[in-house]
Structure formats: C-alpha cells, structure tokens
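Taking it in order: structure first as structure tokens, then the write-up.
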Amino acid sequence: TTAQIGVTGLAVMGRNLARNFARNGYTVAVHNRTASRTHALVEEFGSEGEFVATETAKEFVAALERPRRLVIMVKAGDPTDAVIREFAPLLEPGDMIIDGGNAHFADTRRRERELREQGIHFVGTGISGGEEGALNGPSIMPGGSKESYESLGPMLEKISAKAADEAPCVTHVGPDGAGHFVKMVHNGIEYADMQLIGEAYQLLRDVAGYSPGQIAEIFRTWNTGRLDSYLIEITAEVLSHVDAATGKPFVDVVVDQAEQKGTGRWTVQIALDLGVPVSGIAEAVFARSLSGHAALREASRGLAGPKAAPLGESEAATFADRVEQALYASKIVSYTQGFHEIAAGSEEYGWDIDLGAVSAIWRGGCIIRAAFLDRIRAAYDARPDLPSLLSDETFAQEIAAAQDDWREVLVAATRQGVPTPGFAAALAYYDALRAERLPAALTQGQRDFFGAHTYRRTDRDGAFHTLWGGDRSEVTA
Ligand code: NDP
C-alpha cells in the first residue's frame, strides 16, 4: 500500500494528527524514533482507518506516494533538524516536508532555504488546538510555497476545524516562515487574553468580593455575549471546580506561579526587533515571569499597600459590568497589537499576509477561538489596508462606549492595590495613540541636549540642533 501522507513523531500531537488523517479517509504511514510508539498507535487505533506502520526511515519514505508528504511532529528545535537530516537524503525533488512543531520562524526560514536547494518543499506549519484539536480539528497555519499548498491544502482543509459557517480553519498564510510567525503571534495573543481574564477574575474577587463559584457564573454569563470564546468558557469551568482532597476551590490550591514554553516570549522579542509596540502581550509575559519569582515575592510581602474596603453588595454587580467593558476594550487592544505585529512581519519578510484570512482561520480549533474573530475579519474584509484595528469604526465605537467603565475599573484597581498590568497597558496604548501631543517631543529635546542627536520641527522640514552649552541658538544639522 502507498500512503498519501506520513507522520513521524508520534507523541500526543503526532499520534492524534495521524489519527485525524486516517479518520478522514487517508492512508497514513506512521513512524517514530522509538518504534514501540508506532506499534502502540496501530494496535490501539488501527481500526479507525488505514495505517502503515514503519520502523526505519527508509521504510517510512518508501511507503509514501509521490510527491511525498511527510509531516514532522517532533520536539521543536534540534530534534527537528536531526529528523530533517535523517529524511532529506531519502527524498526527491517535489517532495514535501511539513513541520507541524512549534518552530521559531527564523529556523523555518533557514530550513526552507536549505531544502529548496534540494528541490524539496519545506512547509513550516503552525498547528493550534492542543491534543484535542490535533485529533478533532485544529486551526492550521501553513507557510511554504504556493505550489506545496495546492497539493496539501485539500488534505489540511479536511482535517482542520470548521468555523461556525463551515469554512475550514486553514489558509496558505504565506511563503517560508509566515505560518510559524502567525502561530507565534497567535500564542502571544493567547497569553494576553489569559492575562486579561486573570485580571478580571482578581478584580471580581478582591474588589467586588465574589467567590470563585460566583465568578464562574459571571464568566458563564459573559460567554453568552460578545466575549463568547473558548478561553472564557474554560475559565468558568476551572473556577467552578472544587478540589476533591480539601473541598476548597481548585483555584485556591494551585501554586500561583505560571509557566511558559517560549512562544509568548518570542512574540515580544520579535516585536522589539520589528519596533512594534505589543505592550499588552509583553505585560502578559512579564506577569507570568513575575509570578514565578517566589523568593522575590516572599521578600516583598511586607511592603505597604492601600487600606481600602471591598465594595458593598449593590456596587459589586455594577462593578462586574464595568469589568466586562474593561476586559472587552483591553481585548480589542491586544488583538490590535498582535495584528500590527503580523502586518509588520509580513512587510519585513515580503509575505503578503491577508490579515482577514488569518482572523478567519482562528475562529475554530485554536485556543483563542472566539466570536470576536468574525468581527475582526469583517473589519479587514471591509478595509484590507486598515492601518489598525482601532481605526475600524465598529471597534472604535465599542471602545468609546466602554472607556468610562474601563477607566473606572483601573481607578478601583489602583485604589485597592490590585495589579492590572494588562488592562493598564491596553488603556495607556489607547490613550497614547489618540493623543494630540506626546512627551516624545521632550524626549527629543533631552536627546539633543545630552547627545546632539538633533530633532525635527513641527513648522519646518529638516534636522535641527540647539547649542545647549552655548548661546542656545538653533542650527540646521
Ligand atoms: P514532544 O514535544 O514531547 O516531542 C516528543 C516527540 O519527539 C516523540 O515522538 C519523540 O520521539 C520525538 N523526538 C524527540 N527528539 C527526537 C530526535 N532527536 N529524533 C527523533 N525524534 C525525536 O511531543 P508533542 O506531541 O507534545 O509535540 C510535538 C510538536 O508539536 C512539538 O514541536 C510541539 O511544540 C508542537 N505542539 C504541541 C502542542 C501541544 O499541545 N502539545 C500544540 C501545538 C504544537 P521518541 O518517542 O523516540 O522519544
């Protein structure tokens, strides 16, 4: 038998992806460095479809129809290079290697370039949705050549998640590293969403005085409105869960130190390189990092804080409505920043990414799936050259309606000493963008003072310098 697709790397993700292909009627060759995993897969799930179990790289490659489609689902980093080194010599021009791991897009660009010399299509592909998504339909973000997408697209469309309108959650994002870049920003936005939800929870608890169970109900209500999303849904599930051993709310028995695997950090690092202000995503990454500094937090516990009483019962409900407004407005800002980074990456690397199509494929399968993404797509469809999501009229109006509550929530947070870096960074970004004048003019003056770095004037073209150490007259630079 010849297989239409092969999957190597059969840990949770690879195994489920292989099963997804098989369940959709494809014959799937399977391979893993440790062959026991391969046999376990076929033993356990062989009845779901057609699998070809292979033990050696040669057998695996020989099992594939040509041009070959070979999916790598191994640990990202050096293992990916090791697997490519193993398989590439066995392949022929026109064959495709699909890397579905969480690779850094710069690695993907390098691998694509190297394999292109051999005539092999390297398709760096972002896959979101975790274990469950890999099995039942992930959101898929393939990069690589257009030609490879012609062959792969129909298969990926079949195994992908479907949005509410039945559209498959996959599109050819752009050449070489574009898919992994977009997956990276997806994860950065995911960090920001989670941080904002965390802040909303903390405010409802510490300012409004609600219990985790009550807050779960509030999130359930929010999930029926414009915040309708997977992350809000699971937040309610986690908050209503009670620890069996102690009878306490689950959220109170978990160590409050958040971990990370790196894609959020990459999003911020790359944004710094591209000069894109992703302050909300950065605050989310820093908030996780701060939470993990146990000794530092312990040493700081005695520091003074405000003595403000929590709200009374009648004010609490109003406050909860305000938090919903603040959360929604801050969410618009996070996505504004994330899409700015994608636009900047697309510009820098000549990817020509369609931002509307990206928001469309995030509507299903992935962690940030949300009703909200339909509206982002509508905004970009109406105006593909939209300078920023905030320039979309609908979003601008929604923020205008939310801003008083957003500000009130931050006042309350500040007064009560509840840290809200995500909400605050989002509001600062919003206020800075809409400001008539920024103190950047003063910064330029200081730079010219100490370093003769020159400045531009509002009333004339050219670069100028003031003789700060002399008579303070102005010269053209
Ligand atoms: P892991 O990241 O834990 O990787 C384990 C797999 O990699 C095993 O099949 C292992 O083989 C193989 N492997 C490791 N090193 C080598 C090597 N040097 N040579 C050959 N094979 C090697 O598995 P996951 O399923 O969690 O993830 C797979 C990929 O998918 C990763 O890149 C991950 O970042 C990405 N991803 C994961 C998601 C998730 O929710 N887990 C979501 C989206 C993407 P062996 O059995 O022989 O040890």
Side-chain angles (χ1 to χ4, degrees), residues 6-21 28-45 53-61 70-90 97-108 111 122-143 156 159-161 169-170 177 179-191 194 230-231 234 259-267 361-362 364-369:
V7 179
T8 181
L10 302 174
V12 282
M13 287 296 288
R15 183 181 58 183
N16 282 355
L17 206 65
R19 291 171 61 197
N20 189 349
F21 277 115
V28 188
V30 283
H31 173 269
N32 192 64
R33 176 179 62 179
T34 315
S36 55
R37 271 201 211 266
T38 313
H39 297 300
L41 163 61
V42 178
E43 247 158 64
E44 229 176 305
F45 304 106
T54 65
E55 291 200 356
T56 67
K58 264 204 173 117
E59 273 172 43
F60 181 55
V61 168
L70 189 162
V71 180
I72 304 180
M73 282 309 282
V74 301
K75 206 173 171 61
D78 295 336
T80 307
D81 284 312
V83 170
I84 292 171
R85 271 197 302 277
E86 189 180 2
F87 287 102
L90 307 173
I97 297 181
I98 301 102
D99 175 19
N102 267 333
H104 192 291
F105 79 97
D107 286 334
T108 302
R111 290 167 185 149
F122 185 74
V123 186
T125 302
I127 300 183
S128 177
E131 238 180 286
E132 204 270 338
L135 183 61
N136 297 316
S139 173
I140 311 178
M141 296 153 253
L156 298 180
I159 67 152
S160 75
C169 293
V170 56
H180 275 138
F181 187 95
V182 163
K183 171 72 198 309
M184 171 188 81
V185 176
H186 163 283
N187 285 26
I189 291 175
E190 173 187 313
Y191 275 54
M194 291 169 70
Y230 173 71
L231 280 171
I234 66 164
E259 295 174 12
Q260 49 184 316
K261 293 213 287 202
T263 41
R265 187 174 63 233
W266 291 348
T267 309
I361 66 168
W362 287 348
C366 65
I367 305 299
I368 64 170
R369 62 185 181 261

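Worth knowing before you read on, the calculation uses all heavy atoms, side chains too, and leaves out hydrogens, waters and symmetry mates. Order of listing sets the numbers, starting from 1, for every ligand and every atom in it.
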[atom]: which protein heavy atom is closest, and how many Å away?
{"atom": "atom 23 (O) of ligand 1", "result": "Ala11 CB, 3.4 Å"}
{"atom": "atom 2 (O) of ligand 1", "result": "Lys75 CA, 3.5 Å"}
{"atom": "atom 9 (O) of ligand 1", "result": "Asn32 OD1, 2.8 Å"}
{"atom": "atom 16 (C) of ligand 1", "result": "Arg33 NH1, 3.3 Å"}
{"atom": "atom 43 (C) of ligand 1", "result": "Ile127 O, 3.2 Å"}

Next on the checklist: Heavy-atom distances under 4.0 Å decide this one: backbone, side chain, both or neither, for Thr80 against ligand 1?
Outcome noted: neither
Checklist entry - What part of Leu10 sits under 4.0 Å from ligand 1 if we count only heavy atoms: the side chain, the backbone, both or neither? => result backbone
Atom indices of ligand 1 within 4.0 angstrom of [X] heavy atoms, with elements:
{"X": "Gly9", "result": "9 (O)"}
{"X": "Val83", "result": "19 (N), 20 (C)"}
{"X": "Gly130", "result": "40 (O)"}
{"X": "Ala76", "result": "32 (O)"}

Selection from [options] by shortest heavy-atom distance to [atom]:
{"atom": "atom 26 (O) of ligand 1", "options": "Thr263, Val12, Asn187", "result": "Val12"}
{"atom": "atom 30 (O) of ligand 1", "options": "Lys183, Met73, Lys261, Arg37", "result": "Met73"}
{"atom": "atom 33 (C) of ligand 1", "options": "Thr34, Asn102, Thr38, Val7", "result": "Asn102"}

Checklist entry - Counting both backbone and side chain atoms, is some N or O of Val74 under 3.5 Å from an N or O of ligand 1? => result yes
Checklist entry - What do you reckon, does Met13 have a nitrogen or oxygen under 3.5 Å from a nitrogen or oxygen of ligand 1? => result yes
Checklist entry - Ring centres of Phe87 and His31 under 6.0 Å apart? => result yes
